[in-house]
2 protein chains.
Amino acid sequence: MPGGRHDVTASAPQTAPRKRAGNGAAPQDIADDIGLDALVGHAGYAVRRFQIWIFQDFIKTLGEVDIRPTQYSVLTLIGANPGLSQMAVAKRLGIERARLVHLLDSLELRRYVKRVKSKADRRSHALHLTAQGETALAKFKRLAAEHERHVEEKIGKENRAQLLRILAGFT
Amino acid sequence: MPGGRHDVTASAPQTAPRKRAGNGAAPQDIADDIGLDALVGHAGYAVRRFQIWIFQDFIKTLGEVDIRPTQYSVLTLIGANPGLSQMAVAKRLGIERARLVHLLDSLELRRYVKRVKSKADRRSHALHLTAQGETALAKFKRLAAEHERHVEEKIGKENRAQLLRILAGFT
DNA sequence: TATTGTTATACTCTATAACTATA
DNA sequence: TATAGTTATAGAGTATAACAATA
């Protein structure tokens with residue numbers, strides 16, 4: 001990528017913000033003084049930019065184990081609620097059930113998850129982590145916690161807590 | 001859509017939050033008591049879910065004019081900075097320049113934008129709104145402001161302001 | 001009839017690479 | 001040689017529709 005804003009290479013800039021004051025999150029590394037007009041007042045714009053940054057840091061931090069945010073959320077949910085059906089997981093995480101099929105295919109191939117035929121309802125599968133999946137998830141959680149520290153370094157501990165409080169209703 | 005969490009049909013629930021206390025953003029309409037475990041502590045998860053909600057409300061609110069968030073951001077940026085090159089717009093908004101080509105193709109087809117050959121650098125195009133584009137953008141901004149009010153109703157005026165402050169560095 | 005998992009298709013978005021015309 | 005715009009391709013992700021097995 002040609003040195004764009006999506007660059008996550010420097011994960012903790014915290015060292016003295018330049019130009020526009022702010023909280024340590026410095027977007028304008030290079031001098032482009034282009035006004036955003038109405039965009040600065042739109043929550044969606046800021047949220048989207050932040051979400052891109054945060055996902056890229058997550059992907060990078062968990063790069064060594066090749067786990068992406070959605071895969072992590074699926075594994076965590078199954079780990080905390082063994083026996084869930086695919087529909088239940090899809091609904092809880094807001095993933096299309098058609099897409100979950102492929103996500104689980106790949107997680108099953110990697111031996112993290114197994115589909116067990118449900119006896120109660122023979123249409124559905126009960127989802128479980130394998131022993132290997134449990135071990136792996138523990139490591140993923142440690143890396144995810146590291147990613148979370150990057151977020152703190154980026155926006156500040158207090159602001160991160162505020163954010164979680166404000167958005168708690170959407171989880 | 002089978003009544004999922006992505007449902008944006010009821011845009012302003014504000015009327016008495018049920019179950020988990022919170023700020024009016026109610027995710028658990030139906031009784032599924034599935035624990036999220038580590039996910040509740042991850043800013044990225046909450047931010048992603050919120051971003052999906054906010055974009056869907058934007059798309060719905062600007063549905064009558066068929067303008068999506070990215071198109072709106074491009075039009076707004078050009079409107080505020082006439083003569084920008086495609087590279088400048090792409091960099092400022094964090095869009096791949098390859099993708100911007102198609103975005104501009106469609107906006108040019110709809111007569112909102114025109115590409116003018118730059119005399120200074122004959123490789124680049126100076127981007128401008130057409131008269132029609134100016135008029136249309138004014139309407140888009142009114143609708144976007146309406147969308148922004150939906151956000152306020154959803155998370156609260158104070159929280160929205162906090163959010164903008166916390167994420168100001170990412171715009 | 002309705003639901004679960006599945007397959008398939010289309011469209012959006014991201015990430016690259018390569019080409020052209022300029023610089 | 002480097003850059004601006006373009007074209008093309010591959011991979012996620014989203015949104016649908018339809019089908020088989022089962023309820």
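Lettering follows sequence order; numbering is per chain, from 1.
- Separating the CD atom of A:Glu96 from the C1' atom of C:dC11 is a distance of 14 Å, rounded to the nearest angstrom.
- Closest to the side chain of A:Ala98, from the set C:dG5, D:dT16, D:dT7, is D:dT16.
- Results of the side chain to side chain contact (heavy atoms under 4.5 Å, CB included) test with B:Leu129 over B:Leu75, B:Thr76, B:Leu107 single out B:Leu75 as the only residue that passes.
- At whole-Å resolution of the value, CD in B:Gln51 and C1' in D:dT14 are 12 Å apart.
- Within the 4.0 angstrom heavy-atom criterion, base atoms lie near A:Arg99.
- Each of A:Lys119 and B:Ala126 lies near DNA chain D, and the nucleotide nearest B:Ala126 is the one positioned closer to the 5' end.
- A:Ile52 places its CD1 atom 13 Å from the P atom of D:dG13, with the value rounded to the nearest Å.
- Nearest-nucleotide mapping onto DNA chain C: of A:Arg123 and B:Asp121, the residue sitting toward the 5' end is A:Arg123.
- Between B:Gln56 and the phosphate of D:dA15, there is a side-chain N or O to OP1/OP2 separation shorter than 4.0 Å.
- One interatomic measurement links the two molecules: CG of A:Asp66 to P of D:dG11, which rounds to 14 Å at whole-angstrom precision.
- Distance, B:His102 NE2 to C:dA10 P: 18 Å, rounded to whole Å.
- Ring centers of B:Phe50 and B:Phe55: at least 6.0 Å apart, outside the cut-off.
- OP1 or OP2 of D:dT6 sits under 4.0 Å from a side-chain N or O of B:Gln86.
- Counting to the nearest Å, the C1' atom of D:dG5 and the CD1 atom of B:Ile95 are 15 Å from each other.
- We find that CZ of A:Phe55 is positioned 14 Å from C1' of C:dC13, with the value rounded to whole Å.
- The interatomic distance linking A:Leu127 (CG) with C:dG5 (P) rounds to 7 Å, in whole Å.
- The listed nucleotides are D:dA23, C:dC13, D:dG5; the one nearest the side chain of B:Arg68 is C:dC13.
- Of all heavy-atom pairs spanning A:Leu127 and A:Val89, the tightest one is CD1-CG2, 3.9 Å.
- A centroid separation of 6.0 Å or more is found between the aromatic rings of B:Tyr45 and A:Phe58.
- Side chains of A:Gln86 and A:Arg115: a donor on one and an acceptor on the other come within 3.5 Å.
- Checked against D:dT14, D:dA23, C:dC13, the side chain of B:Arg48 finds its nearest nucleotide in D:dT14.
- Put simply, B:Gln71 has no side-chain N or O that comes within less than 4.0 Å of OP1 or OP2 on C:dC13.
- Between B:Arg115 and the phosphate of D:dT6, there is a side-chain N or O to OP1/OP2 separation shorter than 4.0 Å.
- The shortest non-hydrogen separation linking A:Val40 to A:Leu36 is CG1-CB, 3.7 Å.
- Residue A:Arg122 places none of its side-chain N or O atoms closer than 4.0 Å to OP1 or OP2 of C:dT4.
- The base of D:dG5 is paired with the side chain of B:Arg97 by a donor and an acceptor separated by under 3.5 Å.
- Residue-level contact check: B:Ser118 touches neither bases nor backbone, having no heavy atom under 4.0 Å from any strand.
- Considering only side-chain atoms of B:Met87, the nucleotide from D:dG13, D:dG5, C:dT4 that sits closest is D:dG5.
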